[in-house]
Amino acid sequence: MSLAGTPPEHDGDGHGDPLAENLAAGASSAHVDEGSQPPAQVAGGEPWQPSAIELERRAYRRGRTVRSGLIASVSTLTVVSLVGFIITRSSGWPRVRQTFFNWDKARDAFPAVLDGLWLNIRILLVCAVLITLIGLAIALMRTLRGPVFFPFRMFAAAYTDLFRGLPLLLVIFLLGFGVPALRLPNVPDDMVIWGGLAIVLSYSAYVAEVFRAGIESIHPSQRAAARSLGLNHAQTMRFVVVPQAVRRVLPPLLNDFVSLQKDSGLIAVLGVVDAIRAAQIETATDFNFTPYVVAGFLFVCLTIPTTRITDHLARRHGWYGGGPSL
Amino acid sequence: MSLLAVRGLRKAFGDHVVLRSLDLDVERGECVVLIGPSGCGKSTVLRCVNLLERVDDGVITLDGLDITDPRVDADAVRARMGIVFQSYNLFPHLTVLDNVILAPVRVHRVPREVARERGLEMLRRVGLEEKAGARPDSLSGGQQQRVAIARSMVNDPELLLLDEVTSALDPELVGDVLDLLASLRRDGVTMIVATHEMGFARDVADTVVFLDGGGVVETGPPAHVLEHPRHERTQRFLARLR
């Protein structure tokens with residue numbers, strides 16, 4: 001029967017017991033073949049004893065689980081020690097360790113790189129907010145119907161075409177080096193602002209397409225239902241379509257967000273001292289590449305929690321669609 | 001020996017015990033119709049038999065094989081049965097014919113040309129041969145359900161499970177599907193049908209099983225169970241339908 005919580009029907013005995021109660025109570029009628037049990041006893045947890053065959057099945061499944069765990073452990077241990085052995089015994093390993101995994105160098109470089117990373121994080125947060133807003137706005141522009149809005153639709157389409165086509169690095173060069181060189185009055189010449197703007201422009205085009213895909217994936221019946229209630233286009237979008245669309249596209253959005261965390265490092269090319277640039281400076285003194293490894297490690301540490309936390313939230317709130325079903 | 005024997009089947013979802021202890025036998029070539037109020041566990045029985053749900057207790061044997069044994073290959077067991085769902089569950093990205101021949105080609109390794117012939121024959125059987133190249137969403141509900149039946153029958157399953165296959169259909173489309181089931185019945189297909197269609201139960205069933213309270217309340221030929229129910233619960237259930 002429906003497990004999804006359709007309202008239980010009454011079984012027709014007149015006093016309106018919900019069916020669920022009847023079932024749990026083991027059928028109040030005396031005519032039922034099997035022994036009917038008092039409702040109170042059953043409601044919480046009945047005295048049901050698994051049969052011998054069920055216990056055997058459970059024992060077997062438990063055994064399989066333990067066996068799987070054991071196999072996984074042995075396999076992992078073998079592979080890891082084998083790989084570790086091969087790497088550490090190879091002839092170039094001491095030099096690799098000295099150049100890439102130098103503990104003292106890492107400790108020295110860490111504060112500077114961490115300082116730079118703080119700039120990456122600030123850029124990331126500001127950009128993420130702007131990108132979400134602009135991306136959504138562009139996506140919504142493309143949903144507008146009617147001839148009056150043609151220029152908006154055209155602008156949105158042209159924008160996404162242009163900025164998805166342009167290499168991000170090129171946009172960063174154009175804005176970061178180009179605009180301050182104009183020496184226009186009242187225009188900031190801070191590289192961070194122009195680099196950040198380049199990232200926002202590029203990413204908004206991608207995110208807009210993600211949002212648009214989500215909006216278009218919502219079944220037209222949802223729109224029809226909303227319009228039939230008297231909601232106008234904007235209200236339909238705001239209260240019905242976009243909330244569903246956002247949930248549906250959350251995984252790809254997250255993907256773009258993680259990508260953004262790393263690409264915030266691209267503004268290093270403008271000479272801004274972020275984590276990557278700081279690592280480069282540290283490296284330049286003695287050609288020891290450990291600071292890059294430190295920066296890479298910090299970036300990874302930054303992205304993993306974001307993914308895991310959002311994944312967890314999404315699962316808990318059931319944002320990932322219909323859930324498991326067969 | 002019965003083709004299918006269910007003994008002491010128990011299934012709960014969380015605290016909600018749907019099946020307390022259910023026994024059921026299905027002979028080869030028999031048509032068993034499960035009736036009962038919503039939530040009585042008709043669908044759960046079918047889903048347990050098809051191994052879509054893991055049973056909490058009890059044993060289900062198919063032709064003597066205990067299919068609830070975790071050592072049994074569930075895919076191989078399912079390949080011996082067909083199941084048709086209330087909401088058709090056709091694959092929207094495949095044509096009607098490709099829906100029908102997916103399992104023969106991918107699971108049973110039937111050569112594509114042979115499967116095609118067989119698939120078209122099944123579609124002819126359900127009266128939809130001309131729709132072979134169409135997408136499921138261009139078909140009416142009744143047509144989709146007939147395709148779903150063709151899909152489940154194409155491998156000559158030993159047992160056909162039908163889960164309220166007419167519940168989502170418009171009344172005027174129900175007849176086609178029920179006629180199709182009746183013709184399968186005449187061909188000797190063994191089936192278990194969960195339904196609210198009492199007319200179908202009366203005309204086609206060999207055995208009617210009334211489920212309630214997590215088990216079988218009453219079972220017997222339709223003339224007995226539907227016309228002269230012995231149990232008060234069966235009487236009340238049937239009275240409400242009249």
Side-chain angles (χ1 to χ4, degrees), chain A residues 1-15 17-37 39 41-65 67 219-221 322 324-326, chain B residues 7-8 10 12-23 36-45 47 50-59 66 68-71 85-86 89 163-164 167 194 211-219 229-241:
Chain A
M1 295 289 82
S2 162
L3 312 174
T6 43
E9 283 175 15
H10 302 160
D11 66 348
D13 52 2
H15 52 81
D17 277 354
L19 181 68
E21 261 179 54
N22 275 337
L23 286 181
S28 46
S29 161
H31 289 269
V32 177
D33 296 359
E34 63 222 355
S36 42
Q37 288 148 341
Q41 195 183 1
V42 185
E46 57 172 358
W48 165 65
Q49 291 299 326
S51 65
I53 197 155
E54 171 65 16
L55 290 175
E56 190 276 331
R57 285 195 294 241
R58 286 182 192 175
Y60 174 76
R61 289 196 185 103
R62 252 196 318 276
R64 299 299 285 188
T65 312
R67 190 164 160 269
H219 198 267
S221 59
S325 60
L326 246 170
Chain B
R7 292 288 172 271
R10 179 191 173 87
F13 295 98
D15 291 337
H16 179 51
V17 182
V18 179
L19 299 173
R20 193 165 301 280
S21 175
L22 178 123
D23 295 342
S38 286
C40 71
K42 299 189 292 284
S43 295
T44 307
V45 172
R47 294 176 64 85
N50 203 223
L51 304 183
L52 294 173
E53 304 286 353
R54 180 189 285 180
V55 306
D56 290 340
D57 206 343
V59 172
D66 175 7
T68 45
D69 189 319
R71 277 152 286 235
F85 302 93
Q86 178 177 345
N89 297 10
D163 188 2
E164 308 210 17
S167 298
L211 299 181
D212 199 6
V216 175
V217 175
E218 186 162 352
T219 175
R230 284 174 296 135
H231 286 282
E232 187 207 342
R233 290 184 77 81
T234 321
Q235 288 163 5
R236 269 192 275 135
F237 173 73
L238 291 170
R240 270 173 61 96
L241 293 178

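Keep in mind that the numbers below use all heavy atoms, side chains included, and drop hydrogens, waters and symmetry copies. Every chain is numbered from 1, with letters handed out A, B, ... down the list of sequences.
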Please state whether the side chain, the backbone, both or neither of Arg58(A) comes within less than 4.5 Å of a heavy atom of chain B. side chain

Examine whether an atom of Arg7(B) lies under 4.5 Å from a heavy atom of chain A, and if so say whether it belongs to the side chain, the backbone or both; otherwise answer neither. neither

Region of Val55(B) in contact with chain A, defined by heavy-atom distances below 4.5 Å: both

More than 12 non-hydrogen atoms from neighbouring residues, nucleotides or ligands closer than 6.0 Å to CZ on Arg67(A), yes or no? no

Search all heavy atoms of Asp69(B) against all heavy atoms of Arg57(A) and return the closest pair with its distance. CA-CD, 4.3 Å

Tell me which of these, Leu19(B), Asp66(B), Thr68(B), has more heavy-atom pairs under 4.5 Å with chain A than the rest. Thr68(B)

Quick check on Arg54(B): does its CZ atom have over 12 non-hydrogen neighbours (other residues, nucleotides or ligands) under 6.0 Å away? no

What heavy-atom pair brings Asp57(B) and Gln49(A) nearest, and what distance separates the two atoms? OD2-O, 4.1 Å

